[in-house]
*Asks:* 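Sending over a structure as structure tokens; questions will come in a sec.
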Amino acid sequence: MTEPVTTAEAVPPARTDAVVRIEGLSKSFDGRLVLDQVNLEVDRGRIVSVIGQSGGGKTTLMRCVNLLERPDGGTVEVAGEVVHHGGRTVCRDLPRLRRTVGMVFQRFNLFPHLTAVENVVLAQRKAGVPEPEALERAVALLRRVGVAHRGLARPDQLSGGEQQRVAIARALALRPEVLLFDEPTSSLDPEATREVLAVMRELAADGMTMLLVTHELPFAREVADHVVFVDGGRIVEEGPPQDVLDHPAETRTREFLASYGSAS
Amino acid sequence: MSGLFQVPWSDYQSDLLDALGRTVSYTVVSFVGAVLLGLAVALLRISKARPLRVLAAVYTEIFKNIPLLAIIFLTYFGLASAGLRLDVFTAGCLSLVVFYAAYLSEIFRSAISGVHAGQTEAGEALGLGRVGIFVHVVLPQAVRQALPGTNTMLVDLLKSTSLLVTVSAAELMSEGRLITSATFRALEVYLVISAVYFALCYPLSQLLLLLERKVRAGVPLSPWRRRRVRAARALLAVDLGVGLTAELKQKETAA
């Protein structure tokens, strides 16, 4: 028996132990290479933190997971299913893929015309969850992130920290297998940052699988199992946080950490 | 005053009511048509296919730059001379629809493209699908943006139905002309007709302003949203009560 020949068109079988697996990923915008042959794996229950300078490709890397950005090449695998391979989308049901992957944005992106609780209900209803069940889950999630008392407020009546916590509840509503956080505290003041990080810490303690792009290096050190330093579209260094953040092997990583003044 | 008001208005009461009804019919039918066509043109203008975009832009530019009166004459007299004879109601509504759709499409287009790209992305990330995103995320926000302009257009359309006097459409203005030719009291008649237009337009625009304010304040207007918010309020009673109880206690101690 001969092995089937792997061509650019053939989709390789998925490996099942990782919730997210990225291999040889590349992406350019207007001829500028933003990601170059990037490999990344997030195993179930693990927290992977991507760090690096702005414009280094970390956000693009994260957005390739739920295909908000379509890679030019490489393989993206989510929950044991190849969703993108060799520059084409293999996943036939994008909405289903995206319900498997929760995403929290830097600027919250809550729906301003709906109350907090409706923000958490909407996607559940569209996914076929019955109304009473969707409402109950929304209320439970708002309690979990500590904003239930603001459940009937609209986003513009909420503080930044409250908005981001509602956004986390919204991302959790569909029981995703992995949560993506795109610099979730970058537009928050220190108090709100503490609130949001507290919620994320709880999620981590509950065993949620997370991929986290952040500037909060102390937080990455505290909760992440694995830290990835991305620069110039490539992974420069990766490993356990105490290695990458405290004893970086690469000059570029040391420079970056020094510029953030958080080598301590 | 007795010199000014000499027309036997009670004789014209039922004719005037008919005319009023016709003005309202022209307004309602034309506005609904213009909103639908305007939305379709707006969607074409933001479509990915360039030919569709160009087609929609050409439409908008043509009808924005021709006087409404010319459009009315073209549809009623022009088409008739080409063999397509439309009754006056159809011709009148058609004219108003194609004219106002051009303006409304501009309002709708800017409202739709004014919805932040992050909103569509959030919808995508939640797996809502293209139709779901448009219906539940983009459209409600676009409506909020488009409401003031659309409301102005509605009142403007109501007033423009008076141009249909030129094709004797039997609406308010035509009725006014009829009464004038019978009584030769132009000042009195057109003052009364103007007052009727004012009595229609002023409350309408005030009502629309109220609606705008409600929508901007995020008041749930649809019954299903109201039901959802009511159910959520019941489920959240304990949580919402926490803040309230604290407030009451504070008041008690103050008293």
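Chain letters run A, B, ... following the sequence lines, proteins first and then strands; every chain starts at 1.
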*Asks:* Under 6.0 Å from the CZ atom of B:Arg53, do we count more than 12 heavy atoms belonging to anything else shown?
*Replies:* yes
*Asks:* Can you tell which of A:Met103, A:Arg63, A:Arg150 has the highest number of heavy-atom pairs within less than 4.5 Å of chain B?
*Replies:*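 The answer is A:Arg63.
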*Asks:* When you measure from the side chain of A:His113 to the backbone N and O of B:His136, does any donor-acceptor pair fall under 3.5 Å?
*Replies:* yes
*Asks:* Quick one: are B:Arg144 and A:Pro112 in side-chain contact, heavy atoms under 4.5 Å?
*Replies:* yes
*Asks:* What are the two closest heavy atoms between B:Gly127 and A:Arg99, and how far apart are they?
*Replies:*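 In this case the closest contact between B:Gly127 and A:Arg99 is O-NH1, 3.3 Å.
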*Asks:* Under 3.5 Å, side chain of A:Asn109 to main-chain N/O of B:Gly118, donor-acceptor pair present?
*Replies:*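 Yes, A:Asn109 side chain to B:Gly118 backbone: donor-acceptor pair under 3.5 Å.
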*Asks:* For the interface with chain B, which of A:Leu152, A:Leu180, A:Val139 has the highest count of heavy-atom pairs at distances below 4.5 Å?
*Replies:*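 Highest number of heavy-atom pairs under 4.5 Å: A:Leu152.
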*Asks:* Among A:Leu110, A:Leu94, A:Asp93, A:Leu174, which has the most heavy-atom pairs under 4.5 Å with chain B?
*Replies:*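 Option with the top pair count is A:Leu110.
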*Asks:* Looking at A:Phe111 and B:Ala122, what are the two nearest heavy atoms and their distance?
*Replies:* CE2-CB, 4.0 Å
*Asks:* Heavy atoms only: give me the nearest A:Asn66-B:Ala125 pair and the separation to one decimal.
*Replies:* ND2-CB, 4.0 Å
*Asks:* What part of B:Arg216 lies closer than 4.5 angstrom to a heavy atom of chain A: side chain, backbone, both or neither?
*Replies:* backbone
*Asks:* Does any heavy atom of chain B fall under 4.5 Å from the side chain of A:Val101, the backbone, both, or neither of them?
*Replies:*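 Contact with chain B involves the backbone of A:Val101 alone.
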*Asks:* With a 4.5 angstrom heavy-atom cut-off, is it the side chain or the backbone of B:Arg228 that approaches chain A, or both, or neither?
*Replies:* both
*Asks:* Quick check: closest heavy atoms across A:His149 and B:Asp239, and the distance to 0.1 Å?
*Replies:*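 Closest pair (atom of A:His149, atom of B:Asp239, distance): CB-O, 3.5 Å.
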*Asks:* Any side-chain to backbone donor/acceptor pair from A:Glu118 onto B:Ala232? Under 3.5 Å, distance only.
*Replies:*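 No.
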*Asks:* Using a 4.5 Å cut-off on heavy atoms from C-beta on, say whether the side chain of A:Val117 contacts that of B:Val229.
*Replies:* no
*Asks:* Can you name the residues of residues 128-136 of chain A that have some heavy atom under 4.5 Å away from a heavy atom in chain B?
*Replies:* A:Glu131, A:Leu135, A:Glu136
*Asks:* In terms of heavy-atom proximity below 4.5 Å to chain B, should A:Leu114 be classed as side chain, backbone, both, or neither?
*Replies:*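 For A:Leu114, heavy atoms of backbone and side chain both lie under 4.5 Å from chain B.
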*Asks:* Among A:Gln124, A:Arg154, A:Arg96, A:Arg107, which has the most heavy-atom pairs under 4.5 Å with chain B?
*Replies:*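 The candidate making the most pairs under 4.5 Å is A:Arg154.
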*Asks:* Report the option among B:Arg225, B:Arg130, B:His116 that has the most heavy-atom pairs separated by less than 4.5 Å from atoms of chain A.
*Replies:*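 That would be B:Arg225.
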*Asks:* Please look at A:Phe105 and chain B and tell me whether the side chain, the backbone, both or neither of the residue comes under 4.5 angstrom of a heavy atom of that chain.
*Replies:* side chain
*Asks:* At what distance, to the nearest 0.5 angstrom, does CZ of A:Arg98 lie from CG of B:Leu128?
*Replies:*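 It comes to 10.5 Å.
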*Asks:* Got a sec: does the OH of B:Tyr202 have more than 12 other heavy atoms crowding it under 6.0 Å?
*Replies:* no
*Asks:* I'd like to know which of A:Ala148, A:Gly102, A:Pro176, A:Ala123 tops the heavy-atom pair count under 4.5 Å against chain B.
*Replies:* A:Ala148
